[in-house]
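Structure, as structure tokens:
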Amino acid sequence: MKRYPAWYFLVGLILPAWIGCEPQIVLPPPTPDGFWTVTRIVDGDTVVIERDGAKETARLIGVDTPETKHPSKPVQHYGPEATVFVYNLLIGETVRVEYDRDRRDRYQRLLVYLYRADDNLFVNAELVKQGYGRAYTSYPFYFKAQFVQFERDAKAHSRGLWLKD
């Protein structure tokens, strides 16, 4: 086994912080789970999907829309608009489901990326691009850097939540 001087490890720890780099967590690409049908919209970032008679509540990864159904929070600004947007995109539609690192959240909802089957629209990304939700960056996910950029672009172009009065 090759031995390295102790300062090699210090450089590896200090240099990224010194030059302003954030350590990157590398996640595997999403894994597919096939096709489901959207049967109900709970709110802007949560839907009910069904396949072969089995129904699952699914939370969209990487996006946080304003609350409309939270038990202890009032309806938030732009929440109803986000819910209607998702309803118009997905109700009754067949969607392709993909997973990231974690399959379920603490509420046992499936954590999913949704792609509309007829045109391959990436629904999670579209919500952030159009300003109906924020990039939800509290947890690592495969498309995090892209979603952060989509949010910046929505803000810069005053879309959705970022609309200037």
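From a predicted model like this one, the values you see are computed outputs, not experimental measurements.
- Using cut-offs of 30° and 60° for the angle between ring planes, the Phe147 and Phe150 rings count as tilted.
- How far CD of Glu126 is from CG of Leu89: 7.0 Å, rounded to the nearest 0.5 Å.
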Side-chain atoms of residues 34-42: list all donor-acceptor pairs with protein atoms under 3.5 Å, sequence neighbours left out, distances to 0.1 Å.
unit_1: Trp36; atom_1: NE1; unit_2: Asp33; atom_2: OD2; d: 3.2
unit_1: Thr39; atom_1: OG1; unit_2: Val48; atom_2: O; d: 3.4

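- For the atom pair OH (Tyr139) and CG (Asp100), the distance works out to 13.5 Å, reported to the nearest 0.5 Å.
- Val84 and Leu121 are not part of a single hydrophobic cluster, where members link through side-chain heavy atoms under 4.5 Å apart.
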Residue pair Arg134, Val128: steps toward the side chain to side chain contact (heavy atoms under 4.5 Å, CB included) verdict: CA-CA 6 Å; Arg134 295 170 175 82; Val128 179; over 6 Å; no

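- With Glu151 contributing its side chain and Ala135 its backbone, the two residues share a donor-acceptor pair below 3.5 Å.
- Of the possible polar contacts, none joining the Asp64 side chain to the Tyr136 backbone as a donor-acceptor pair under 3.5 Å is found.
- Hydrophobic clustering, with ILVMFWY side chains joined whenever heavy atoms are under 4.5 angstrom apart, keeps Val148 apart from Leu60.
- Under a 3.5 Å cut-off, the side chain of Asp52 and the backbone N or O of Ala54 do not form any donor-acceptor pair.
- In terms of modelled atom types and a separation under 3.5 Å, the side chain of Thr65 and the main chain of Gly133 share no donor-acceptor contact.
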Residues Asp118, Thr94; criterion side chain to side chain contact (heavy atoms under 4.5 Å, CB included); working and verdict: CA-CA 8 Å; Asp118 65 348; Thr94 300; over 6 Å; no

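- Annotation: the span from Glu50 atom CD to Glu56 atom CD amounts to 11.0 Å, rounded to 0.5 Å.
- Salt-bridge annotation for Arg59 and Asp43: absent, with no side-chain N of the basic residue lying under 4.0 Å from a carboxylate O of the acidic one.
- In this structure, CG on Leu114 lies 11.5 Å from CD on Glu93, to the nearest 0.5 angstrom.
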Worked verdict on Val123 versus Val95 for side chain to side chain contact (heavy atoms under 4.5 Å, CB included): CA-CA 9 Å; Val123 176; Val95 292; 5.5 Å; no

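- Contact check for Arg101 versus Leu111: no side-chain heavy atoms found under the 4.5 Å cut-off.
- Listed by chain and number, the residues in a side-chain hydrogen bond (donor to acceptor under 3.5 Å, both in side chains) with Arg159 are Asp153 (sequence neighbours excluded).
- Taking OG1 from Thr68 and CG from Asp45, the interatomic distance works out to 8.5 Å, rounded to the nearest 0.5 Å.
- Of all heavy-atom pairs spanning Pro29 and Tyr142, the tightest one is CA-CE1, 3.5 Å.
- Rounding to the nearest 0.5 angstrom, the gap separating the CG atom in Leu110 from the CD1 atom in Ile61 is 9.5 Å.
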From CA spacing to verdict: side chain to side chain contact (heavy atoms under 4.5 Å, CB included), Leu161, Glu81: CA-CA 10 Å; Leu161 287 163; Glu81 291 86 344; over 6 Å; no

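- Under a cut-off of 6.0 angstrom, the local environment of OH in Tyr99 is crowded, with over 12 non-hydrogen atoms contributed by other residues, nucleotides or ligands.
- Using the six-membered ring where Trp is involved, Phe141 and Tyr113 have ring planes that are tilted, between 30° and 60° apart.
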